Number of protein chains: 2
Amino acid sequence: MNTLAYAILGLIDKDKVTGYDLTKIFSDSVADFWSAKQSQIYTELKKLVDAALIEYEVVIQGEVLEKKVYSITTKGKEELAAWMHEDEPPLSQSKDIFKLRLYFSEQLTSQELCGKFEKQLEKCQLLLTRYTIKFNEYDSSDIPTAKIGDYLLLKGAIAHLRTQIEWLNESLAYIQK
Amino acid sequence: MNTLAYAILGLIDKDKVTGYDLTKIFSDSVADFWSAKQSQIYTELKKLVDAALIEYEVVIQGEVLEKKVYSITTKGKEELAAWMHEDEPPLSQSKDIFKLRLYFSEQLTSQELCGKFEKQLEKCQLLLTRYTIKFNEYDSSDIPTAKIGDYLLLKGAIAHLRTQIEWLNESLAYIQK
DNA sequence: CAGCACATGTAATACGTTACATGATTAC
DNA sequence: GTAATCATGTAACGTATTACATGTGCTG
């Protein structure tokens with residue numbers, strides 16, 4: 001089983017969802033630390049059903065539209081619990097094209113590089129705004145146990161973005177001088 | 001052409017290297033923002049030679065061992081320059097199993113979660129130490145133009161790790177209370 | 001009734017990892 | 001002389017993306 005399978009298992013365990021719901025979750029709420037495309041999700045769901053780790057109930061939406069609402073099985077819960085207790089792998093090595101290009105920055109003029117930094121800054125600031133809005137929806141004095149993970153992750157993502165923005169600004173100043 | 005191809009092109013442009021050298025570079029110096037395995041590197045080198053973006057000279061190491069020292073062609077330089085000027089893609093979505101598990105933290109006891117945070121902290125601290133040693137090798141008042149990218153990237157990686165460590169410590173305190 | 005969101009699936013292709021396979025050079 | 005490092009390559013498999021393919025439901 002791959003990580004995506006466990007991610008799906010965990011999400012279904014949190015809440016009964018359809019494949020469509022998962023698609024949205026993987027492109028929005030958990031996108032900061034895991035992502036998957038629609039086609040991958042549907043194929044993985046099928047495998048999980050075959051492995052009897054999840055099952056589904058067909059629900060009629062409107063007149064005829066059948067949707068599959070998935071839930072986790074006992075066997076699925078066991079698998080998920082076992083995975084949760086596994087040792088963590090080495091620190092994740094992310095791939096970042098912006099940084100890669102920066103490593104080859106001799107190729108660009110100072111002006112061109114600054115332009116790239118400015119665009120990157122904008123993107124980070126936009127995302128920071130979105131995350132901050134989300135964060136402000138929490139009442140920090142009263143986080144329900146089930147939401148502690150979400151809360152801490154969001155806090156981490158915001159801290160990371162702030163540091164990134166600070167670094168981009170400092171680097172920009174450094175290049176301009 | 002995929003990003004790995006451009007990464008290799010950029011590295012060969014910086015310095016004549018062998019496939020073996022690239023393998024080390026991708027697992028050490030640039031691993032923080034791009035990585036690749038040995039098998040992938042050798043296949044990609046072959047493709048780049050076929051596309052006439054790089055060429056190689058066979059050098060005899062010792063008595064008989066033939067090694068291929070790659071260099072970039074004019075066509076390769078053009079391709080690299082074109083790629084460098086492309087617009088940046090959306091902010092990279094990294095995949096992080098530690099964070100994914102944190103999202104499902106209800107599955108774990110407080111003690112278990114703390115254990116995971118402590119282990120993660122150790123890993124981050126170890127890496128920070130390594131990066132700091134590297135950073136101290138620079139004379140910050142005199143960075144040669146060709147090394148500005150390296151320097152800024154290292155600075156960014158250190159800032160990122162410090163923030164990560166701070167976040168892990170705060171989160172640990174939060175869970176323990 | 002139009003346009004967007006909801007809903008599910010498959011096929012082809014591309015990218016990445018693990019494992020296999022082999023041999024020379026160097027430093028101790 | 002032996003172990004670590006240098007050096008190159010392929011095969012099989014696993015994971016991920018893009019594109020194809022289709023149809024319903026809801027809101028204005």
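Throughout, protein chains are lettered first and strands after them, A, B, ... in sequence-line order, and every chain is numbered starting at 1. Predicted, not measured: the structure shown is a model, and the values here were computed from it.
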When the side chains of residues 127-140 of chain A are checked against the rest of the protein, which donor-acceptor pairs come out under 3.5 Å, sequence neighbours left out?
{"from": "A/Thr129", "atom 1": "OG1", "to": "A/Gln125", "atom 2": "O", "distance (Å)": "2.8"}
{"from": "A/Tyr131", "atom 1": "OH", "to": "A/Asp32", "atom 2": "OD1", "distance (Å)": "3.3"}
{"from": "A/Thr132", "atom 1": "OG1", "to": "A/Leu128", "atom 2": "O", "distance (Å)": "2.6"}
{"from": "A/Asn136", "atom 1": "ND2", "to": "A/Thr132", "atom 2": "O", "distance (Å)": "3.3"}
{"from": "A/Asp139", "atom 1": "OD1", "to": "A/Ser141", "atom 2": "N", "distance (Å)": "3.3"}
{"from": "A/Asp139", "atom 1": "OD1", "to": "A/Ser141", "atom 2": "OG", "distance (Å)": "2.9"}

Under the rule for side-chain hydrogen bond (donor to acceptor under 3.5 Å, both in side chains), what residues qualify as partners of A/Lys119, not counting sequence neighbours?
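Partners of A/Lys119 under the side-chain hydrogen bond (donor to acceptor under 3.5 Å, both in side chains) test: B/Asp87.
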
Return a table of donor-acceptor pairs under 3.5 angstrom between the side chains of residues 89-100 of chain A and protein atoms on other chains or two or more places apart.
{"from": "A/Lys95", "atom 1": "NZ", "to": "B/Ser35", "atom 2": "O", "distance (Å)": "3.3"}
{"from": "A/Asp96", "atom 1": "OD1", "to": "A/Phe98", "atom 2": "N", "distance (Å)": "3.0"}
{"from": "A/Asp96", "atom 1": "OD1", "to": "A/Lys99", "atom 2": "N", "distance (Å)": "3.1"}

With hydrophobic residues grouped by side-chain heavy-atom distances under 4.5 Å, do [X] and [Y] end up in a single group?
| X | Y | answer |
| --- | --- | --- |
| B/Ile60 | B/Tyr56 | no |
| B/Tyr70 | B/Val58 | yes |
| B/Met1 | B/Leu45 | yes |

Starting at [atom1] of [X] and ending at [atom2] of [N], how long is that distance when rounded to a whole Å?
| X | N | atom1 | atom2 | answer |
| --- | --- | --- | --- | --- |
| A/Trp34 | D/dT15 | CH2 | P | 10 Å |
| A/Asn2 | D/dA16 | CG | P | 6 Å |
| B/Tyr70 | D/dT8 | OH | P | 7 Å |

Check whether more than 12 heavy atoms from other residues, nucleotides or ligands sit under 6.0 Å from atom OH of A/Tyr151, and answer yes or no.
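Yes, because the 6.0 Å sphere around OH of A/Tyr151 holds more than 12 heavy atoms from other groups.
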
Do NZ/NE/NH1/NH2 and the carboxylate oxygens of [X] and [Y] come within less than 4.0 Å?
| X | Y | answer |
| --- | --- | --- |
| B/Glu86 | A/Arg101 | yes |
| B/Lys14 | B/Asp150 | yes |
| A/Lys68 | A/Glu57 | no |

Compile the donor-acceptor pairs under 3.5 Å between side chains in residues 17-29 of chain B and protein atoms, sequence neighbours left out, one pair per line.
{"from": "B/Thr18", "atom 1": "OG1", "to": "B/Tyr20", "atom 2": "N", "distance (Å)": "3.4"}
{"from": "B/Thr18", "atom 1": "OG1", "to": "B/Asp21", "atom 2": "N", "distance (Å)": "3.0"}
{"from": "B/Thr18", "atom 1": "OG1", "to": "B/Asp21", "atom 2": "OD2", "distance (Å)": "3.1"}
{"from": "B/Asp21", "atom 1": "OD2", "to": "B/Thr18", "atom 2": "N", "distance (Å)": "3.0"}
{"from": "B/Thr23", "atom 1": "OG1", "to": "B/Gly19", "atom 2": "O", "distance (Å)": "2.9"}
{"from": "B/Ser27", "atom 1": "OG", "to": "B/Thr23", "atom 2": "O", "distance (Å)": "3.1"}
{"from": "B/Ser27", "atom 1": "OG", "to": "B/Lys24", "atom 2": "O", "distance (Å)": "3.3"}

Using heavy atoms and a sub-4.0 Å distance, could you list which residues of residues 84-104 of chain A are near DNA chain D? By number, please.
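Listed by number, there are none.
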
Tell me which residues in residues 14-26 of chain A put a heavy atom below 4.0 Å from DNA chain D, sorted by number, or none.
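Correct list: empty, so none.
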
Under 4.5 Å side-chain linkage, directly or through intermediates, the cluster mates of B/Val69:
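Besides B/Val69, the hydrophobic cluster comprises B/Val59, listed by chain and residue number.
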
If you apply the rule side chain to side chain donor-acceptor pair (under 3.5 Å), what do you find for A/His160 with B/Gln164, and how did you get there?
CA-CA 7 Å; A/His160 174 236; B/Gln164 181 95 344; over 6 Å; no

Every protein N/O within reach of nucleotides 10-13 of chain D N/O, cut-off under 3.5 Å:
{"from": "D/dT10", "atom 1": "OP1", "to": "B/Lys46", "atom 2": "NZ", "distance (Å)": "3.2"}

DNA chain C: 5'-most and 3'-most nucleotides touching chain B, 4.0 angstrom heavy-atom criterion:
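Counting from the 5' end, contacts occupy C/dC15 to C/dT25.
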
Estimate the overall bend of the helix from C/dC1-D/dG28 to C/dC28-D/dG1 from the end axes over five pairs each, rounded to 10 degrees.
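Result, rounded to 10 degrees: 40°.
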
Can you pull every protein N or O that's under 3.5 Å from an N or O on nucleotides 25-28 of chain D?
{"from": "D/dG25", "atom 1": "OP1", "to": "A/Gln61", "atom 2": "O", "distance (Å)": "3.0"}
{"from": "D/dG25", "atom 1": "OP1", "to": "A/Glu63", "atom 2": "N", "distance (Å)": "2.6"}
{"from": "D/dG25", "atom 1": "OP1", "to": "A/Val64", "atom 2": "N", "distance (Å)": "2.8"}
{"from": "D/dG25", "atom 1": "OP1", "to": "A/Leu65", "atom 2": "N", "distance (Å)": "3.3"}

Looking at A/Thr163 and B/Thr163, would you say the former's side chain and the latter's main chain have a donor-acceptor pair under 3.5 Å?
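A pair under 3.5 Å: no.
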
Which side-chain N or O atoms in residues 169-177 of chain B pair as donor and acceptor under 3.5 Å with protein atoms at least two apart or in another chain?
{"from": "B/Ser171", "atom 1": "OG", "to": "B/Trp167", "atom 2": "O", "distance (Å)": "2.7"}
{"from": "B/Ser171", "atom 1": "OG", "to": "B/Trp167", "atom 2": "NE1", "distance (Å)": "3.4"}

Can you find a pair of side-chain heavy atoms, one from B/Lys16 and one from B/Ile12, that are under 4.5 Å apart?
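No - every pair of side-chain heavy atoms lies 4.5 Å or more apart.
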
Between B/Thr73 and B/Glu78, is the side-chain contact (heavy atoms from CB on, under 4.5 Å) condition met? List the steps.
CA-CA 9 Å; B/Thr73 63; B/Glu78 285 166 12; over 6 Å; no

Could you report the tightest heavy-atom contact between A/Leu48 and A/Ala5, atom names first, then the distance?
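Looking at all heavy atoms of both residues, the closest pair is CD1-O, 3.9 Å.
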
